[in-house]
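Numbered from 1 within each chain, the chains take letters A, B, ... in sequence-line order. Quick note: numbers below take in every heavy atom, side chains included, and nothing from hydrogens, waters or symmetry partners.
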Amino acid sequence: MGEKLYDQIYQLLRQIPVGHVTTYGALANQIGCTARTVGFAMAALPKGNDVPWHRVVNYQGRISPRSNGHGSLVQKKILITEGIVFNADGRIDLKLYAWNFMR
DNA sequence: AGGTTGACAAAGG
DNA sequence: GCCTTTGCCAACC
């Protein structure tokens, strides 16, 4: 099978329940690739997908600016809807919301 | 086959 | 806390 790298990333993403997030590095570590690759997979994500891409933030707990532009604002809005609280700096506390894949 | 680009991470200033 | 540099790896030209 050669289902690819990207599908593995999407699979893991679907495991994350509402109210939790993960980082690019954590995903990369689980799959065995690098954070850059995960970011690339997000960019390659098609539109009508069932993947909760909005639950992925960078290691600072901050939403990475996309090349697309305003998309990051949309992501923040969705996260707030799901119950995630942002600090004054526009960051979230990973200690509270980070999802642990190894169980 | 080589060089550039990215929704990154880690370390340093 | 902000910005810069370095390392990383896959996709694209």
Side-chain angles (χ1 to χ4, degrees):
Chain A
M1 341 257 306
E3 275 314 304
K4 342 332 112 262
L5 219 46
Y6 287 11
D7 274 331
Q8 293 183 35
I9 296 174
Y10 303 149
Q11 239 1 299
L12 285 174
L13 233 48
R14 293 191 190 98
Q15 293 181 27
I16 304 177
V18 174
H20 289 271
V21 298
T22 190
T23 64
Y24 296 91
L27 280 171
N29 193 30
Q30 287 300 308
I31 297 168
C33 62
T34 63
R36 284 232 181 238
T37 305
V38 175
F40 226 50
M42 294 299 102
L45 201 53
K47 220 171 177 190
N49 56 70
D50 56 334
V51 179
W53 55 270
H54 50 271
R55 290 175 195 153
V56 185
V57 297
N58 62 23
Y59 77 112
Q60 301 178 84
R62 196 159 232 216
I63 299 186
S64 301
R66 303 161 46 249
S67 13
N68 195 23
H70 51 287
S72 53
L73 277 304
V74 176
Q75 179 175 1
K76 181 176 180 181
K77 183 170 176 129
I78 297 174
L79 290 177
I80 292 175
T81 300
E82 295 192 347
I84 307 250
V85 178
F86 283 76
N87 298 335
D89 296 330
R91 306 188 198 179
I92 65 182
D93 191 344
L94 290 176
K95 295 281 192 186
L96 298 177
Y97 303 117
W99 178 251
N100 185 10
F101 286 108
M102 343 203 171
R103 334 196 51 229

Round to a whole Å and report the spacing from CE of A/Met42 to P of C/dA10. 15 Å
Could you state the CD1-P distance from A/Ile31 to B/dA9, rounded to the nearest angstrom? 13 Å
Does C/dG1 have its OP1 or OP2 closer than 4.0 Å to a side-chain nitrogen or oxygen of A/Arg91? yes
For the pair made of CD in A/Gln60 and P in C/dC3, what is the distance, rounded to whole Å? 10 Å
Should A/Phe101 and A/Tyr59 be counted in the same cluster of Ile, Leu, Val, Met, Phe, Trp and Tyr side chains packed under 4.5 Å apart? no
Just the rounded figure in Å: distance from P of B/dA7 to CZ of A/Phe40. 8 Å
Output the single nucleotide from B/dA7, C/dC8, B/dA9 whose closest atom is nearest the side chain of A/Thr34. C/dC8
Choosing from C/dA11, B/dA7, B/dA10, which nucleotide comes nearest the side chain of A/Tyr6? C/dA11
Rounded to whole Å, please give me the gap between CG in A/Asn58 and C1' in C/dC8. 16 Å
Closer than 4.0 Å, any side-chain N/O of A/Arg55 to the OP1 or OP2 of B/dA7? no
Whole-Å distance between C/dA10 C1' and A/Leu45 CG? 16 Å
Between B/dA9, C/dA10, B/dA7, spot the one nearest the side chain of A/Ala43, thanks. B/dA7
Nearest-nucleotide 5' precedence on DNA chain B, A/Thr37 against A/Ala26: A/Thr37
Hey, is the main chain of A/Asp50 close enough, under 3.5 Å, to the side chain of A/Tyr10 for a donor-acceptor pair? no
For A/Ser67, which contact category applies under a 4.0 Å heavy-atom criterion: base, sugar-phosphate, or nothing? sugar-phosphate
Output for pair (A/Tyr24 OH, A/Ile9 CD1), nearest 0.5 Å, gives 11.0 Å
Could a donor-acceptor pair under 3.5 angstrom be found where the side chain of A/Tyr24 meets the base of B/dA9? no
Going by side-chain contact (heavy atoms from CB on, under 4.5 Å), A/Ile63 matches just one of A/His54, A/Arg91, A/Lys76. Which one? A/Lys76
Within this structure, what is the CG-to-C1' distance between A/Asn87 and C/dC2, rounded to whole angstrom? 17 Å
Are any side-chain N or O atoms of A/Asn58 and backbone N or O atoms of A/Gln60, one a donor and one an acceptor, separated by less than 3.5 Å? yes
Please report the distance, rounded to the nearest Å, between CZ in A/Arg62 and P in B/dA7. 17 Å
